[in-house]
Amino acid sequence: MYRWHVWHHRVFRQDFSVVSDQIYRQGNWYHDVPEAIAMLTFSLIFGIIAHSFAPEHQWFALIGCVYTLSFLLPAIARGLGIPKVDQLTDITHLPGEFYQPPSHWFVNRPYHWRHHFDNQNAYFCGTLTFVDKLMGTALSLKGKTIAVTGASGTLGRALLLQLHQAEAKVIALTSGDQTVSIHLNGEEYPVKTITWKVGEEDQLTQLLKKVDILILNHGINVHGERTPQAITNSYEINAFSSWRLLELFLSTVETNTDIARKEIWVNTSEAEVSPALSPLYELSKRTLGDLITLRRLDAPCVIRKLILGPFKSNLNPIGVMSPDWVAKQIVKQACSDMRTIIVTINPITFIAFPVKEFFVSLYFKLFTHKSIPTFLRKEVSSSETFSKFN
């Protein structure tokens, strides 16, 4: 049905306004109606099979038929040009400003925008995102500009490699003065490298405007130290530097395209819920983790947490997981749209962290006030905009 699907993509401009009413109606007749008929046909086939061999389960196929009719009848109505029916039945294609990032479980306008204007070979789902999650097509990294802090470290290099293999354009952000390289098929490939320092995050403003995904991965582990300087360094590097970069990146989310494409991934560590045998590392990472949980409530784009167990690196020489394997799992889960990415050998974390995150998030919701995202503040004077946001 691909050649019919092309009609569907001819209908809309990048802001989801239609090219013309005639093409919109044709798009429904040439794409939406045939697609719904195909869905209905398969539902009927399953219904006949169920009726013949397992009558007690035929209700499931009947539900499928009713579900597909909910697509077919509105598609016919849109094709006929019945006034206002598109505003009631074609919600994911309505024009106008986006007021929230791509949804997690239900397809909203920013989510479907990515299928039209980010990658037509991903984001296939029309109502629920489950199948995209299952197939790993809920996030496409192809062609995206992705910057990674702590890029000269073990995990940073591993992430750069995995992202490069996913056809992303990678940028290494490092405090070192040497060009970061990745090793692929026995050869070394230099990566675009930007040098920056903690406390000078503002110098990255212009760069971050051009970045689609920012991965905050830098950190320090002072192990058993507890001097005032160790405390300062741990919080400044592990928590506050990442926080400043996060806010700087979020301030670049201004347009519909930014809301739909931009993301930030934050490595807060398994130390949020379990001991890391390094108290200052735990304290600073937990601070960052709670700040991210709070910021997620009003963020204008997707924020993912990376909850990683002990992998072998310069910061943790006794780690047991391979950094390459960890990086591969991070990218795989991100492409399945996991908003909290857990990679660990500790089974308790898979239970403890979601529980902790739920109650902390609930606490923040109950005892803080909703803030207006930066990209909406210029429109605060419009009561219509404010009511839509709320």
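Since this is a predicted model, take the numbers as computed values, not measurements.
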Check: Are D337 and K133 within salt-bridge range, i.e. N to O under 4.0 Å?
Finding: yes
Note to self: Are there over 12 heavy-atom neighbours, none belonging to W325, within less than 6.0 Å of that residue's CH2?
What the structure shows: yes
Next item on the list: Please report the closest heavy-atom contact between C125 and F130, naming both atoms and the distance.
Entry: SG-N, 4.4 Å
Checklist line | Lys/Arg N to Asp/Glu carboxylate O, K209 vs E254, below 4.0 Å | finding: no
Check: Any luck finding a side-chain donor-acceptor pair between S140 and N119 under 3.5 Å?
Finding: yes
Note to self: Between N221 and S278, is there a side-chain donor-acceptor contact under 3.5 Å, judged purely by atom types and distance?
What the structure shows: yes
Next item on the list: Looking only at non-hydrogen atoms, find the nearest pair between Y67 and T127 and report the distance.
Entry: OH-OG1, 3.5 Å
Note to self: I need the minimum non-hydrogen distance between T344 and P310, along with the two atoms involved.
What the structure shows: OG1-CD, 4.4 Å
Margin query: Any salt bridge linking E263 with K144? Criterion: basic side-chain nitrogen under 4.0 Å from a carboxylate oxygen.
Written below: no
Margin query: Apply side-chain contact (heavy atoms from CB on, under 4.5 Å) to residues I345 and M321 and explain how you reach the verdict.
Written below: CA-CA 8 Å; I345 59 171; M321 295 189 297; 3.8 Å; yes
Item checked: Test: K285 and E272 ion pair at under 4.0 Å -> no
Next item on the list: Kindly check if the number of other-residue, nucleotide or ligand heavy atoms within 6.0 Å of CG (L94) is above 12?
Entry: yes
Note to self: Using a strict threshold of under 4.0 Å (side-chain N to carboxylate O), is an ion pair present between E97 and R109?
What the structure shows: no
Checklist line | Pi-cation contact, Y111 with R114 (under 6.0 Å, within 45°) | finding: yes
Notebook entry, point to check: Does a sphere of radius 6.0 Å around NZ in K356 hold more than 12 heavy atoms from other residues, nucleotides or ligands, not counting ones at 6.0 Å or beyond?
Noted result: yes
Check: Does T68 use its side chain to pair, donor to acceptor, with the backbone of C65 at less than 3.5 Å?
Finding: yes
Check: So do the side chains of L80 and W29 get within less than 4.5 Å of each other, counting heavy atoms only?
Finding: yes
Next item on the list: Take atom CD of E56 as the centre, draw a 6.0 Å sphere, and report whether it contains more than 12 heavy atoms from other residues, nucleotides or ligands.
Entry: yes
Item checked: CZ (F350) with more than 12 external heavy atoms under 6.0 Å -> yes
Note to self: Is a donor from one side chain sitting under 3.5 angstrom from an acceptor on the other, for H8 and H115?
What the structure shows: no
Check: Side-chain contact, heavy-atom cut-off 4.5 Å: C335 with L141?
Finding: yes
Next item on the list: Verify side-chain contact (heavy atoms from CB on, under 4.5 Å) between N346 and T349, making sure each step is shown before the conclusion.
Entry: CA-CA 6 Å; N346 183 1; T349 302; 3.6 Å; yes
Next item on the list: Compare all side-chain heavy atoms of L184 with those of I182 and state whether any distance is below 4.5 angstrom.
Entry: no
Margin query: Between D118 and R261, does any side-chain N to carboxylate O distance fall below 4.0 Å?
Written below: yes
Margin query: Regarding D290 and T293, do their side chains bring together a donor and an acceptor under 3.5 Å, going by distance alone?
Written below: no
Checklist line | Residue pair W113 / Q14, side-chain heavy-atom distance below 4.5 Å | finding: yes
Check: Would S241 and E236 count as having a side-chain donor-acceptor pair, cut-off 3.5 Å?
Finding: no
Notebook entry, point to check: Any side-chain heavy-atom pair from L248 and T205 closer than 4.5 angstrom?
Noted result: yes
Check: Taking the six-membered ring for Trp, is the centroid-to-centroid distance between F359 and Y363 below 6.0 Å?
Finding: no
Next item on the list: Step through the shown structure and confirm whether more than 12 heavy atoms of other residues, nucleotides or ligands are within 6.0 Å of NE2 on H51.
Entry: no
Checklist line | Parallel, tilted or perpendicular: ring planes of F46 versus F42, cut at 30 and 60 degrees | finding: tilted
Next item on the list: Could you go through the side-chain contact (heavy atoms from CB on, under 4.5 Å) check for R296 and T340 one step at a time?
Entry: CA-CA 11 Å; R296 272 175 155 181; T340 298; 3.4 Å; yes
Next item on the list: Tell me yes or no: between the side chains of T137 and D132, is some donor less than 3.5 Å from an acceptor?
Entry: yes
Check: Side-chain donor-acceptor pair under 3.5 Å between H93 and H116, yes or no?
Finding: yes
Note to self: Pairing donors with acceptors under 3.5 angstrom, does anything connect the side chains of R157 and S152?
What the structure shows: no
Notebook entry, point to check: Does the side chain of E270 reach to within under 4.5 Å of the side chain of L308, using non-hydrogen atoms?
Noted result: no
Margin query: Could you tell me if Y24 and D90 have a donor-acceptor pair between their side chains, going purely by distance under 3.5 Å?
Written below: yes
Note to self: Please determine whether side-chain contact (heavy atoms from CB on, under 4.5 Å) holds for the pair V170 and L159, giving the CA-CA distance in whole Å, both sets of side-chain angles, and the decisive distance to 0.1 Å.
What the structure shows: CA-CA 9 Å; V170 293; L159 281 170; over 6 Å; no
Notebook entry, point to check: Taking the six-membered ring for Trp, are the ring centroids of W196 and H218 within less than 6.0 Å of each other?
Noted result: yes
Notebook entry, point to check: Should N108 and S103 be marked as a side-chain hydrogen bond (donor to acceptor under 3.5 Å, both in side chains) after you check the CA-CA gap, both sets of side-chain angles, and the distance that decides it?
Noted result: CA-CA 6 Å; N108 60 355; S103 182; 4.7 Å; no
Notebook entry, point to check: Are P275 and E282 side-chain neighbours, meaning at least one heavy-atom pair lies under 4.5 Å?
Noted result: yes
Note to self: Just so I know, are the side chains of I171 and I194 near enough to count as touching, which here means a heavy-atom distance under 4.5 Å?
What the structure shows: yes
Notebook entry, point to check: With no hydrogens and no angle check, do the side chains of D324 and S322 hold a donor and an acceptor under 3.5 Å apart?
Noted result: no
